[in-house]
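All values below come from the heavy atoms of this structure, side chains included, with hydrogens, waters and symmetry mates left out.
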Amino acid sequence: MHKRSFLKGLALAGLSAPLSGNALAKWINVISDQPAIEVAKNEEFWATVKAGYKLKPEYINLENGYYNFLPEELLENFINKVRMVNYEGSYYMRTVQFDNKKNIAARLAKLAGCSPEELIITRNTTESLDMIIGGLHWNAGDGAVMAEQDYGSMLEMFKLIAKKYGVINKIVSVPNHPSSDEEIVALYSKAITGKTRLLMLSHMVNITGQILPIRKICDMAHNKGVEVMVDGAHTLAHIQYAISDLNCDYYGASLHKWLSTPLGAGVLFVKKESIHKVWPLLAEAEKKDDDILRLNHIGTHPVHTDLAIAGAIDYYEKIGAERKEARMRFLQQYWTSKVRNIPKVIVNTPADPLRACGIANVGIEGMKPADLADTLLKKYNIYTVAIDYANVHGCRIAPNLFTMPEDLDVLVKALKELAS
């Protein structure tokens with residue numbers, strides 16, 4: 001069969017019915033030597049990927065930041081893990097449970113770019129980072145620095161330790177359109193005092209999709225004797241990086257977002273020399289102070305979710321990290337480039353392609369974000385989430401690998417009509 005006919009046949013099959021993993025593998029074989037930026041625009045390939053998902057036809061889902069649900073092959077894999085654990089029961093829990101979790105954590109460490117001795121599986125980013133915030137040995141008068149654009153759960157945890165220990169929190173505001181990395185570094189640098197012990201950063205700001213210059217900020221903070229904790233909820237399996245290159249002390253991420261695991265999976269990285277500084281969430285016996293597993297005791301939990309992580313990593317690697325990042329960035333730029341210069345349309349995400357990837361935020365001048373989200377759903381059948389705080393007033397647009405340009409064309413049409 002000629003290559004063109006082969007590609008056309010696969011595309012037609014992908015548009016008509018879910019494809020097997022073997023068919024997707026054939027596609028990947030076809031595009032394996034192509035540059036990621038070229039594959040990002042190959043709609044026949046992405047239509048095949050889309051065919052692997054079961055999607056509700058009632059609306060276009062552009063809110064995949066909260067929970068980036070599973071393609072059917074990963075869902076079936078997860079269900080099989082549930083059946084297996086249920087079949088083996090206590091035998092599984094008392095024999096191989098912990099070895100399996102340790103092996104999966106090692107795979108995650110490789111994916112995240114750190115040592116297996118520095119990473120554990122948690123249930124989400126909130127658990128990971130709140131364990132650090134609440135687990136450090138705080139003294140009255142100690143300082144912490146964060147941004148009003150950071151995730152609410154962590155900001156609330158900082159408020160809690162302020163009440164509990166007398167910690168002084170300094171809150172900055174990250175500009176939606178910074179002129180340079182140095183502007184952001186200087187913003188955090190000015191907030192640090194001689195009492196500051198911890199600085200929290202969002203690797204990717206969850207409400208706008210802006211990517212912060214983490215390494216530069218970490219280097220600055222360390223020069224001032226301050227540790228850095230990074231919220232990577234939206235970056236793991238979204239953009240390519242290695243935690244070891246960021247030079248941070250603590251890093252937390254959720255796996256049910258961009259890695260597409262079942263709900264209830266996350267990771268926590270703690271630099272080896274900082275492990276002993278953190279009190280565990282729950283007490284764990286017979287572990288050395290520098291053993292990260294002392295932070296990982298949470299009692300009996302849904303271990304089948306841990307097992308499903310391996311399949312999610314397999315799928316991510318099959319799609320390809322570089323190809324996925326390129327596709328997500330292409331989708332964001334596809335629609336934002338069409339509306340940035342339209343009067344009354346406000347894009348709250350940097351135009352610089354290196355400062356954002358798949359997520360962006362858009363508002364309409366004079367229209368409340370809640371009203372915009374409601375109108376997009378009821379009039380245009382587009383599901384988003386409204387953001388109306390921290391100098392960000394609009395709807396977060398978070399596509400997924402199943403999102404097609406024609407879906408975003410509907411969004412562009414809606415924004416143009418509402419702006420006019």
Side-chain angles (χ1 to χ4, degrees), residues 98 101-122 125-146 150 154 157-158 161 165 167 169-170 185 188-189 191-203 212-233 235-236 241-253 266-298:
F98 299 105
K101 188 170 186 177
K102 184 176 181 180
N103 291 336
I104 294 169
R107 286 197 66 188
L108 284 167
K110 182 179 180 181
L111 175 68
C114 65
S115 166
E117 297 180 348
E118 298 175 311
L119 182 140
I120 54 174
I121 297 173
T122 62
T125 309
T126 297
E127 178 183 291
S128 297
L129 299 188
D130 280 2
M131 190 188 308
I132 301 303
I133 300 169
L136 294 180
H137 299 249
W138 296 100
N139 297 307
D142 285 345
V145 175
M146 65 223 66
D150 289 327
M154 275 63 84
M157 191 66 179
F158 274 113
I161 64 163
Y165 300 110
V167 173
N169 296 325
K170 174 69 174 179
V185 174
Y188 283 100
S189 179
I192 292 175
T193 70
K195 289 284 190 176
T196 304
R197 288 189 53 200
L198 183 67
L199 189 158
M200 178 170 74
L201 298 172
S202 292
H203 198 168
L212 299 186
I214 301 299
R215 178 60 189 253
K216 292 181 180 180
I217 302 174
C218 287
D219 289 348
M220 174 275 297
H222 287 163
N223 287 336
K224 293 174 177 283
V226 177
E227 290 193 308
V228 182
M229 180 182 76
V230 179
D231 177 348
T235 43
L236 187 63
Y241 64 95
I243 291 177
S244 60
D245 292 336
L246 300 178
N247 195 27
C248 61
D249 302 280
Y250 312 99
Y251 194 101
V267 294
L268 170 64
F269 159 86
V270 181
K271 188 179 290 186
K272 184 69 174 178
E273 53 265 38
S274 295
I275 294 173
H276 74 279
K277 301 177 184 179
V278 184
W279 284 104
L281 179 65
L282 301 175
E284 173 70 300
E286 299 178 356
K287 291 287 190 299
K288 294 181 179 180
D289 287 347
D290 64 349
D291 184 350
I292 196 167
L293 292 180
R294 61 188 279 274
L295 305 178
N296 205 202
H297 180 62
I298 56 173

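Within the 4.5 Å cutoff, the side chain of L293 has heavy atoms near those of the I120 side chain. In this structure, V185 and D219 have side chains that are not in contact, with every pair of non-hydrogen atoms separated by 4.5 Å or more. Side-chain contact between K170 and T196 is absent, with no heavy atoms from C-beta onward closer than 4.5 Å. Here the side chains of N247 and K271 are in contact, with some heavy-atom distance below 4.5 Å. Looking at V270 and K277, their side chains never come closer than 4.5 Å, going by heavy atoms from C-beta outward. Y250 places a side-chain heavy atom less than 4.5 Å from the side chain of L198. The closest side-chain heavy-atom distance from V228 to I217 is not below 4.5 Å. Between N296 and K101 the shortest side-chain heavy-atom distance falls below 4.5 Å.
E118 places no side-chain N or O within 3.5 Å of a backbone atom of F269 that could act as its donor or acceptor partner. For the pair D231 (side chain) and M200 (backbone), a donor-acceptor distance under 3.5 Å is absent. S128 places a side-chain N or O within donor-acceptor distance of the main-chain N or O of V267, the cut-off being under 3.5 Å. The main-chain N or O of D245 is found under 3.5 Å from a side-chain atom of R215 such that the two form a donor-acceptor pair. With hydrogens and angles disregarded, a donor-acceptor distance shorter than 3.5 Å links the side chain of N169 to the backbone of F158.
For the side chain to side chain contact (heavy atoms under 4.5 Å, CB included) with Y188, the qualifying choice from M146, K216, M220 is M220, the only one to do so.
Ring geometry for Y251 versus H203: interplanar angle over 60°, hence perpendicular rather than tilted (30 to 60°).
At most 12 heavy atoms of other shown residues, nucleotides or ligands fall within 6.0 angstrom of atom NZ in K195. Atom CD of E127 sits in a crowded spot, with more than 12 heavy atoms from other residues, nucleotides or ligands closer than 6.0 Å. Crowding of K287 atom NZ: a count of heavy atoms from other residues, nucleotides or ligands under 6.0 Å exceeding 12.
When all heavy atoms are compared, the tightest approach of L108 to L119 is CB-CD2, 4.0 Å. Here the closest heavy-atom approach between residue D249 and residue E227 is recorded as OD2-CA, 3.2 Å.
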Candidate pair I275 and R294, rule side chain to side chain contact (heavy atoms under 4.5 Å, CB included), full reasoning: CA-CA 9 Å; I275 294 173; R294 61 188 279 274; 4.1 Å; yes
